[in-house]
Amino acid sequence: MSMQNKKIEVKTTFCRICEASCGMVAHLEDGRITKMEPNKDHIGTLGFSCMKGLHQHKMYDSPDRLTKPLKKIGDKYVPISWPQALQEIGDKVKALRAVSPQSISMYVGTAAGFSILHPIFAEGFMQGIGSHNVFSSATQDCANRFASASEMYGFPFFQPFPDLENINYLMIVGTNPVVSKWTFLQVAHPVKRLKEIKARGGQIMVVDPRYNETAKVAEQHQFIQPNSDVFFFLSFLHEIFAIDGIAWDRVRQHMSGIDTLKELVKDWSPETTAPLTDIQPEHLRTMVYQFVNAKGAAIVTGTGLGMGKHGTLAHWLAEVINAVTGNLDQTGGTLVGRGIFDFAEFAKKNQLFTRDKRSRIGGFRELNGGFPGGILADEILTPGKDQIKAMFVTGGNPLMTMANAERLKSALESLELLVVTDIYMNETASLAHYILPATSPLQRPDLPFVFPLFMGMQSIPYLAATDKIVDPEGEQRDEASIYFDLAEACGVNLFNEKGLQFTLRLMNSANRLKHSFKTQFSASNQAYQGLPQTFILDLMLRLSKNGRFKDLIKQSDGKSIPGAKADDFLSQRPLWEDRKVRLVPTSLVEEARKLGDIFNQEVSLKRNKALRLISKRVHSTHNSWTQNIVELTHSKKFQTNYLYMHPSDAEFLKLKDNDVVDVKSDSGTIRVPLHLLKEIKPGSVALQHGWGHQHAKGLSVASNLAGANVNILAADGPDNIEHISGMVHLTGIPVTVSKSTEAIDKKSWSGLPA
Ligand SMILES: Nc1nc2c(c(=O)[nH]1)N[C@H]1C(S)=C(S)[C@@H](COP(=O)(O)OP(=O)(O)OC[C@H]3O[C@@H](n4cnc5c(=O)[nH]c(N)nc54)[C@H](O)[C@@H]3O)O[C@H]1N2
Ligand SMILES: Nc1nc2c(c(=O)[nH]1)N[C@H]1C(S)=C(S)[C@@H](COP(=O)(O)OP(=O)(O)OC[C@H]3O[C@@H](n4cnc5c(=O)[nH]c(N)nc54)[C@H](O)[C@@H]3O)O[C@H]1N2
Ligand code: SF4
Ligand SMILES: [Mo]
């Protein structure tokens, strides 16, 4: 075929893999993407994109993509039609629901969050079912922040973020934005943004058990013992009081509880905590002095702190430090954004996120409509009324990403119904009764990620929209339509709203009709038409007075909008009656008072030379789902995860680089190659999560790589989660490491039995 017959197109869109949401340009030939490039003219993402974004079309266009609903029959998966899949799932759900709606559950993964309609419709489906047994990846990464914000500001999504344009002292604790591309703030090109701070004379201090990629840019770094951040912050506050670094006017006017705070930290001098944190008192005092005297300072935290043992308390104290030093709601400090509508007041009016439900196991309070993932296996395995018997997994891979993978595997295997909606047949799907093929981000229209859209959490404010770039293939469907159809099949109404379900039914029929007129002479006549996604997105924009979807699409480099500003939060927006920031919420203070005993236990564990396992992300992989891209794993270096260890620990344990080691915790053992790393704190070891794909039935590239699932080492169950937020402990895990007596069998060793 000659070149000129090819249909060449160039379309703009944005990446929906991580929060940076980079503006991108897709080059297409005959409807298939041949190249993804950064959009150099994008006003918010500055021509940035990473290697995952540049290779995303390979992932979305892989022969491994699911294109038809699959049903497990015996040991095999056979394609079935959508009507049959929906009917069978619907019948099973109806039978279970008649006995107990709570027996039907859902796990919402992180990929769901990167579509605006997916989580809304999935949640609506569960509300229609009448079950509060919803779990999400939030208790693996950020529920600590939601819990802390709920207690301090009365609303989980008030998440102050640093004013990068004006900040002069940025302290980065337990996050590695250079690799992760920031979390809880949309920042494309983190290296550039960090260098700008330094170029104008600002300072960046990284506090981390690893001299990580961000520390290399910051050039200032302080090692800290894993899990000890909460004690570091107690001493930090102790010193702020000692040098009177409190912004008294601001505190008295806008915050409550300062006296209790002073009393709480009085015994935590830097000398007290140094034996655990390994932060020398002089150094801590210098940091406090610099923080207090900077014209604009802030602490930011991330998953390294949140996935630890005291994630909520540590994050809360970081927020308290920002607040009492006068940096909250201040130019150069932290700002609280506004989204396209007043989400907080809307939530208050509609009584969203009220935390009134309790879990059957452990009596945990729900947070943002979800329960802790750490009790999921117990909820499934413990007999009794409301025992979970069916589960929908949507945009996630809990078997790889949640604690105690081995136990979770038996739990998932025991379900009467497991339905996975994904773009790939991942490990979790490999246990499912039904697998539903979803569209990829590039196959659906969308608005930006929920944090920038609803809460204005952007370092450069803009609004954007994207149309679909390529058509769905085979029988792939978007999740909004999938959950609408599932609601129909299960005989329930989305959000338990009859009127809404009826309206959607009308929209659905109108969409089909419109399409059949349009395409009656074309070959794609048979294509499925679900809900009119662009119509719904347009409605969201219009109702929030943000114009039309079709106009926004035309502004493909982003539409500039007003950003977050200072003096826009304190005494105005906290959702409490008095609108004051609660510095010392009762439930958090009660927990904090227990820290004395915990401190002593941690010190003695440290004396026993227990190694602490921490997390580690790399540029080329994203949780459990980019290992299937050949281009990102062809180098031998990227074909497994490794245990990273300081040479001094290796010498003590008589280990050398590339040895095969067994890493053992109270929950299990995994076997991986060892990598010596001078940049890790002696006593800490690091492992990357998301590996060990050998038994995935539908990942033809990833299942041929090596690596093991680190979450076999993490404990689950009600006693192993932080009970304010429900977070599981995925970092700071005590482990022992020894040379393995056996070599790694690359094909079979994932840590999990087949
Ligand atoms: N030890 C350890 N464990 C961790 C972490 C850690 O640092 N250390 N990190 C934790 C964190 S931060 C998180 S967020 C969780 C993540 O936990 P999960 O959300 O459970 O896992 P992911 O690996 O992100 O899985 C995303 C899934 O979504 C699918 N997917 C991608 N795009 C789409 C789409 O458009 N539609 C649908 N339906 N599916 C799609 C992918 O194929 C993949 O299977 O893991 C956590 N686990
Ligand atoms: N390339 C890539 N980017 C990603 C992801 C990915 O998998 N790969 N995942 C995305 C997701 S889902 C999320 S939630 C974000 C997460 O984004 P981040 O929160 O930035 O997560 P990490 O990059 O793992 O950085 C965690 C840091 O915490 C440190 N740490 C570990 N334990 C402790 C501790 O006890 N105390 C302190 N102070 N530090 C500790 C680690 O050494 C590491 O430097 O990243 C997103 N971006
Ligand atoms: S940083 Fe990479 S993965 Fe994240 S949005 Fe940008 S291109 Fe996508
Ligand atoms: Mo995450």
Side-chain angles (χ1 to χ4, degrees), residues 14-24 36 38 45 48-56 59-60 62 64-66 107-115 118 122 135-142 176 179-184 186-190 302-304 306-307 373 393-403 405 420-429 436-444 446 449 476-479 482 613-617 619 621-628 641 686-691 696 698-699 709-714 727-731 733:
F14 53 86
C15 180
R16 275 150 285 166
I17 297 175
C18 83
E19 281 180 59
S21 310
C22 299
M24 308 220 50
M36 295 293 289
T45 64
F48 181 78
S49 60
C50 78
M51 61 168 107
K52 293 174 295 174
L54 294 173
H55 288 102
Q56 61 184 297
M59 174 165 71
Y60 298 140
S62 152
D64 287 344
R65 274 293 297 278
L66 294 163
Y107 173 84
V108 187
T110 184
F114 287 91
S115 152
H118 182 168
F135 303 82
S136 81
S137 52
T139 52
Q140 283 119 270
D141 67 353
C142 59
N176 187 11
V179 172
S180 67
K181 311 293 179 293
W182 228 288
T183 175
F184 277 73
Q186 190 193 55
V187 183
H189 218 331
T303 59
M307 298 187 315
V393 172
T394 199
N397 193 6
L399 193 56
M400 297 298 283
T401 60
M402 278 173 54
V420 172
T421 301
D422 208 283
I423 56 172
Y424 276 125
M425 188 167 176
N426 62 17
E427 288 62 21
T428 311
L436 305 178
T439 47
S440 74
L442 300 179
Q443 293 168 317
R444 59 171 191 251
D446 226 331
F449 182 55
Q476 291 159 351
R477 294 185 178 181
D478 68 281
E479 291 87 355
I482 292 176
L613 176 68
I614 63 169
S615 52
K616 186 179 187 302
R617 283 179 159 74
H619 287 289
T621 65
H622 201 83
N623 294 337
S624 76
W625 56 289
T626 49
Q627 287 88 345
N628 208 50
N641 53 349
L687 253 165
Q688 203 200 327
H689 71 290
W691 286 86
L699 301 171
N709 183 351
V710 57
N711 287 329
I712 285 169
L713 302 174
M727 291 280 288
V728 284
H729 308 315
L730 299 175
T731 191
I733 301 168

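Every heavy atom of this structure was used, including side-chain atoms; hydrogens, water molecules and symmetry mates were not. Owing to the predicted nature of the structure, the values given are computational and were not obtained by experimental measurement. Read the numbers this way: they start at 1 and go in the same order the structure lists the ligands and their atoms.
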Using distance alone, decide if ligand 1 has a nitrogen or oxygen within less than 3.5 Å of any nitrogen or oxygen in [X].
X    : result
N397 : yes
T394 : no
T401 : yes
W625 : yes
N426 : yes

**Prompt:** So among T303, T401, N623, which one has a side chain to side chain donor-acceptor pair (under 3.5 Å) with Q140?
**Reply:**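 The residue from T303, T401, N623 that satisfies side chain to side chain donor-acceptor pair (under 3.5 Å) with Q140 turns out to be T401.
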
**Asked** Hey, is P398 one of the residues with a heavy atom under 4.0 angstrom from ligand 1?
**Response**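 In this structure, P398 qualifies as a contact of ligand 1 - some heavy atom is under 4.0 Å.
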
**Message:** Yes or no: does Y107 have any heavy atom under 4.0 Å from an atom of ligand 1?
**Reply:**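 Y107: in contact with ligand 1 (<4.0 Å).
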
**Prompt:** Among protein heavy atoms, which lies nearest atom 15 (C) of ligand 1, and at what distance?
**Reply:**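 Checking every protein heavy atom, the shortest distance to atom 15 (C) of ligand 1 gives Q140 NE2, 3.7 Å.
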
Ignoring hydrogens, just give me the one of [options] whose non-hydrogen atom is nearest [atom].
atom                    : options          : value
atom 9 (N) of ligand 1  : E427, H622, R617 : R617
atom 16 (C) of ligand 1 : I614, N628, N623 : N623
atom 32 (N) of ligand 1 : A438, S615, A111 : A111
atom 35 (O) of ligand 1 : H118, Q627, R444 : R444

**Message:** Closer than 4.0 Å to some heavy atom of E479 - which atoms of ligand 1 meet that?
**Reply:**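 Going through ligand 1 atom by atom, the ones under 4.0 Å from E479 are 34 (C), 36 (N), 37 (C), 38 (N).
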
**Request:** Below 4.0 angstrom from a heavy atom of L730, which ligand 1 atoms are there? Numbered from 1 as shown, please.
**Result:**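 Those atoms are 3 (N), 4 (C), 47 (N).
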
Could you list the atoms of ligand 3 found under 4.0 angstrom from a heavy atom of [X]?
X   : answer
C15 : 3 (S), 5 (S), 7 (S), 8 (Fe)
I17 : 3 (S)
S49 : 7 (S)

**Request:** Could you tell me whether the side chain of N426 and the main chain of G396 form a donor-acceptor pair under 3.5 Å?
**Result:** yes

**Polar side-chain atom of R16 near backbone of F14 as donor-acceptor pair, under 3.5 Å** = yes

**Asked** Is ligand 3 under 4.0 Å from a heavy atom in the side chain of S21, in the backbone, in both, or in neither?
**Response** backbone

**Item:** N, O or S of C22 under 2.8 Å from atom 2 (Fe) of ligand 3
**Value:**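 No.
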
